[in-house]
Structures are given as C-alpha cells and as structure tokens.
Amino acid sequence: MSPLTLNTPPKPEKLLFLKKFIRHGKRVASFAPSSRSLAKAMCLGVTPYKPQVIIELGAGTGAVTSEVARYMHPESHLLAIEIDPTFARHLQHAVPQARVVVADVSTLPQVLMSCGLSRFDLLLNGLPTPSLPKSVNRVVLETFAKLSPGGTFSQLTIMPWVYKPTYVRLFEKVRFHLVIKNAPPGGVYHCQQLRPDWEHHVPGTD
Ligand SMILES: C[S@@+](CC[C@H](N)C(=O)[O-])C[C@H]1O[C@@H](n2cnc3c(N)ncnc32)[C@H](O)[C@@H]1O
C-alpha cells in the first residue's frame, strides 16, 4: 500500500493537498490530509451529549471537521478557519454543518467577534504551529486563555512526541495520543490549563 492510500479522503482531495504542499510546503506542512484515525483522535473532547462551541484552526479539506461533525451534539457550533480558499471551498462542500471562514489565524479574535462567539469549549489546532511566527501562536494561545479558561486545546502533529516538551512548558496537563494509522504516523497533544508563565514559552519562529 502506498503512503497516500493509507489516508481516507477521496482522491481529488489528496491530489489537491499534494499540489498545495508542493507549492506552499511550510504552510500546508503535510503531503496528505489527516487519516480518519488521526481525525478521530482529535475528537477526544467532542461529545454528542451536550452542545459545545468548537473552533478548528487550519481545517484544510475537512478531514478533522467531518469527524467532529459526525460526533458532536446537533446543536453544537463548529467554526472552521482555513487560510486557503480552495481548501475552504472543499471543506464547506464536504461538511455543511460547519461554519467555514477563510482567514489567517493571526486575526482569530476578530473572526470570533464577527461570528458572535465570546467563548468556546474546544480548540482543535491543525496548524503547523512550530513553523508559524511566534506572534501568530501568541494570538492563538491568548485567545484560548481569554475565551476558553476551562477548555481543551488539542494539537495535531505528524512528528510524534517531538514537541511534547513544548506543550508541557505551556500547559499543566498534557496527554499524547499516538496514531500509527496515518501517513506519516502522527498524534494529538490534548492540553488543558495554560501555565501562569506560558507567555515565556510560546513556540514558533521569530
Ligand atoms: C497540516 S494541514 C492540516 C489540515 C487538516 N486539518 C487535516 O488534518 O487534514 C495545516 C493547515 O493549516 C492551514 N494554515 C496554515 N497557516 C494558516 C494560517 N496562518 N491561518 C489559517 N490556516 C492556516 C493550511 O492551509 C493547512 O490547511
């Protein structure tokens, strides 16, 4: 089985992802959308038993978004933010339950305000956090601190364990969920409670 056939979305999405990866490698950060197993691992905090406000960053073609929509309570609010308009079009078509916004996450507070959201329960982060500027990651973490004090921050990765120290410096509680069934193998850091000194440990490039 070739690495590309491991992941589940239909072929046009895989091809689109590959093309975008060739053109914007650092921003897309993966040559294929997340597998269903990795997408499911991102859904640990999603519950069908009560409405939640769920924010997804770097939603791509909707691999994670569609799993979230499958599990969540019918009255949950799912906002998916993606910088690439072509990805966003696929995403909105594939997951009509989600509200899709084409935006750079550096404008996250403004996006949430324009959507009328003053709090959220879960932040599902599909962004290539280590290769984003620190200033962008700071906006994301600040927004999480202000609008989701008791919430969960779930970070997708395709480099298992490598960034665990990064998240342990930021959060009081960090659990890593390894996912072998993805090309390449990856996982999710499920994090809670930002540490008081988190601002000194913001990841990213200068
Ligand atoms: C590793 S891919 C993850 C895609 C999808 N969540 C998945 O699991 O298949 C990272 C995504 O983040 C998006 N992205 C990168 N920088 C961004 C930014 N500054 N604002 C919003 N989206 C961004 C990319 O376009 C890409 O779709």
Side-chain angles (χ1 to χ4, degrees), residues 3-4 6-44 46 54-70 78-92 94-95 98-112 115 122-144 153-160 162-163 177 179 181-189 202-205:
L4 275 177
L6 248 182
N7 292 359
T8 46
K11 217 174 170 186
E13 282 174 29
K14 288 183 182 174
L15 277 179
L16 172 65
F17 223 94
L18 187 57
K19 279 188 199 159
K20 294 279 182 185
F21 176 62
I22 291 166
R23 204 174 296 168
H24 310 285
K26 220 169 148 191
R27 194 174 84 188
V28 175
S30 175
F31 64 84
S34 293
S35 66
R36 183 115 189 249
S37 302
L38 187 51
K40 279 185 178 168
M42 281 287 272
C43 292
L44 189 80
V46 179
I54 304 165
I55 311 295
E56 186 189 357
L57 309 180
T61 48
V64 173
T65 330
S66 50
E67 268 324 289
V68 175
R70 216 187 302 271
L78 172 56
L79 175 69
I81 301 174
E82 170 54 48
I83 200 168
D84 187 293
T86 319
F87 277 172
R89 258 199 311 279
H90 270 255
L91 169 59
Q92 189 66 87
V95 194
R99 179 169 186 179
V100 179
V101 173
V102 181
D104 187 320
V105 287
S106 58
T107 64
L108 182 60
Q110 294 89 319
V111 171
L112 296 181
C115 292
L122 300 177
L123 191 142
L124 308 181
N125 196 351
L127 295 168
T129 297
S131 57
L132 289 178
K134 273 187 184 185
S135 57
V136 175
N137 291 325
R138 186 178 297 277
V139 170
V140 171
L141 289 163
E142 248 165 26
T143 309
F144 179 75
F153 180 106
S154 297
Q155 173 70 54
L156 191 109
T157 186
I158 50 168
M159 296 180 78
V162 172
Y163 295 106
H177 185 137
V179 179
K181 277 174 83 180
N182 190 69
V188 182
Y189 296 103
V202 176
T205 57

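For ligands, and for the atoms within them, numbers begin at 1 and follow the listed sequence. Residue indices begin at 1 and follow the sequence shown.
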* Asked: Quick one: does Gln92's side chain have a donor or acceptor within less than 3.5 Å of a partner on Phe87's backbone?
  -> no
* Are Phe153 and Tyr189 close enough that their ring centers fall under 6.0 Å? -> no
Pick from [options]: the one approaching [atom] most closely through a non-hydrogen atom:
{"atom": "atom 22 (N) of ligand 1", "options": "Ile83, Val111, Leu57, Asn182", "result": "Ile83"}
{"atom": "atom 4 (C) of ligand 1", "options": "Ala63, Gly58, Gly126, Pro133", "result": "Gly58"}
{"atom": "atom 8 (O) of ligand 1", "options": "Pro33, Ala29, Ser34, Ala103", "result": "Ser34"}

Report yes if [X] has an N/O atom closer than 3.5 Å to an N/O atom of ligand 1; otherwise report no.
{"X": "Ala32", "value": "no"}
{"X": "Asp104", "value": "yes"}
{"X": "Asp84", "value": "no"}

Beyond-backbone contact of [X] with [Y], side-chain heavy atoms, under 4.5 angstrom:
{"X": "Leu79", "Y": "Leu112", "answer": "yes"}
{"X": "Val188", "Y": "Thr157", "answer": "no"}
{"X": "Ile81", "Y": "Val105", "answer": "yes"}

Return the residue, atom name and 0.1 Å-rounded distance of the protein heavy atom closest to [atom].
{"atom": "atom 16 (N) of ligand 1", "result": "Arg27 CG, 3.6 Å"}
{"atom": "atom 1 (C) of ligand 1", "result": "Val28 O, 3.0 Å"}
{"atom": "atom 17 (C) of ligand 1", "result": "Leu127 CD2, 3.6 Å"}
{"atom": "atom 27 (O) of ligand 1", "result": "Glu82 OE1, 2.7 Å"}

* **Closest approach of Ala80 to Ala59 (non-hydrogen atoms, all atoms of both residues)** => CB-CB, 3.9 Å
* Structure fact -> For Ala88 and Glu82, the nearest pair of non-hydrogen atoms, with its separation, is N-CG, 4.1 Å
* Enter the distance from Arg138:CZ to Thr143:OG1 here, rounded to the nearest 0.5 Å. => 12.0 Å
* Asked: Does ligand 1 have a heavy atom under 4.0 Å from the side chain of Ala59, from its backbone, from both, or from neither?
  -> backbone
* Asked: At under 4.0 Å between heavy atoms, which part of Val105 makes contact with ligand 1: side chain, backbone, both or neither?
  -> both
* To do: For Val64, take its heavy atoms, then give the atoms of ligand 1 lying under 4.0 Å from any of them.
  => 8 (O)
* Going by the atom numbers of ligand 1, which of them fall below 4.0 Å from some non-hydrogen atom of Phe87? -> 27 (O)
* Asked: Pick one: which of Lys20, His90, Arg89 meets side-chain hydrogen bond (donor to acceptor under 3.5 Å, both in side chains) with Asp84?
  -> Lys20
